[in-house]
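Atom set for the values below is all heavy atoms of this structure, side chains included, hydrogens, waters and symmetry mates excluded. All ligand and atom numbering here is 1-based and tracks the order in the structure.
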Amino acid sequence: MDFLPPDIEQYVQEHSTEEMQILQELARETHAKVLRPRMLSGHIQGLFLQMISKLIRPERILEIGTYTGYSAICLAQGLNENGILHTIDINDELESIIRKYFDKTGLANKISLHIGNALNIIPSLKETWDLVFIDADKENYLNYYNLVFNQVKHGGWIIADNVLWSGKVVDANEDDLETRAIRQFNEFIHADERVEHLLLPLRDGLMMIRKK
Ligand code: SAH
Ligand code: CA
């Protein structure tokens, strides 16, 4: 699905820093071999995640929903020198491709991959997060938010992807589980006085949340 008119999308890509070679390779391999390659963040969102991470210089990042590792590699670019990124995915078939690219980027010692259900793994991670990226099953976005919230630093960030859900959030005819869950998530954040938030209409919508 296109989020922008194709000529605008192309212009944006041509006037942004080129996609890292290794990420081009990862995107190609994902499209060739893995189901649902559209889930991968891609060039522009990947650059955005890199920039956000470089601004924050986080020491601890949690990513929920690794897929083939594209966004993890982007987010890890901003880690400070003692930084570690933890990333969780339930699909064990992805493990070999994920590890291959973490190795290729030289990030294997900065990224800790957890294979399993994030609902079970998050409570086992005894860390305090500077940045959390929520990008797994949409039905559980609010559960993930509630699970991590106390472990996010004051002034720390939670970013949730796909919160426009291809525009379904504003289409009264759409009433499936995922759409409802995302609407409920957005409404909850909007009413949560513990945070400041911006629904950034980049690609499929990123909810940028800063804990006060
Ligand atoms: N962040 C990636 C894309 C993630 S796609 C990128 O931007 O490139 C969503 C991923 O969430 C899928 O790989 C899926 O296996 C994973 N997922 C779904 N349910 C999950 C769960 N309960 N726990 C952990 N991961 C889950
Ligand atoms: Ca996503």
Contact (N/O only, under 3.5 Å) between [X] and ligand 1:
{"X": "Y70", "answer": "no"}
{"X": "S41", "answer": "yes"}
{"X": "A136", "answer": "no"}
{"X": "F133", "answer": "no"}

I'd like to know if the side chain of [X] and the backbone of [Y] have a donor-acceptor N/O pair within less than 3.5 Å.
{"X": "H43", "Y": "Q24", "result": "no"}
{"X": "T179", "Y": "D175", "result": "no"}
{"X": "Q77", "Y": "I73", "result": "yes"}

### Task
Sequence neighbours left out, what passes ring-ring contact (aromatic ring centres under 6.0 Å, His included) with H197? Give chain and number order.
H190
Mark up the atoms of ligand 1 that fall under 4.0 Å of a heavy atom belonging to [X], in ascending order.
{"X": "Y144", "answer": "21 (C), 22 (N), 23 (N)"}
{"X": "L94", "answer": "13 (O)"}
{"X": "L40", "answer": "8 (O)"}
{"X": "N117", "answer": "21 (C), 22 (N), 23 (N)"}
{"X": "G116", "answer": "23 (N), 24 (C)"}
{"X": "M39", "answer": "3 (C), 5 (S), 6 (C), 7 (O), 8 (O), 12 (C)"}
{"X": "A118", "answer": "21 (C), 23 (N), 24 (C)"}

Any heavy atom of [X] closer to ligand 1 than 4.0 angstrom?
{"X": "L119", "answer": "no"}
{"X": "T66", "answer": "yes"}
{"X": "A72", "answer": "no"}

## Note on the structure
Taken in chain and number order and not counting sequence neighbours, the residues that satisfy side-chain contact (heavy atoms from CB on, under 4.5 Å) with K211 are F149, V152, H154
### Shortest reach to atom 14 (C) of ligand 1 by a heavy atom, considering only N91, D89, D135
D89
Any side-chain donor-acceptor pair under 3.5 Å between [X] and [Y]?
{"X": "Q45", "Y": "Y70", "value": "no"}
{"X": "E9", "Y": "Q13", "value": "yes"}
{"X": "Y141", "Y": "K138", "value": "yes"}

### Message
Just so I know, are the side chains of T66 and N91 near enough to count as touching, which here means a heavy-atom distance under 4.5 Å?
### Response
no
#### Entry: Flag side-chain contact, heavy atom, 4.5 Å: M51 against F48
no
#### Entry: Closest approach of G78 to P58 (non-hydrogen atoms, all atoms of both residues)
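It is O-CD, 3.5 Å.
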#### Entry: Residue pairs fulfilling salt bridge (charged side-chain N to carboxylate O under 4.0 Å, His left out) with at least one residue in residues 120-133, sequence neighbours excluded
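Qualifying pairs: R60-E127, D130-K153.
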### Message
Looking at R183 and E187, is any side-chain nitrogen of the basic one under 4.0 Å from a carboxylate oxygen of the acidic one?
### Response
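No salt bridge links E187 with R183.
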### Proximal protein heteroatoms (N, O or S) of the Ca ion (ligand 2), under 3.0 Å
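N, O, S partners closer than 3.0 Å: D135 OD1, D135 OD2, D161 OD2, N162 OD1.
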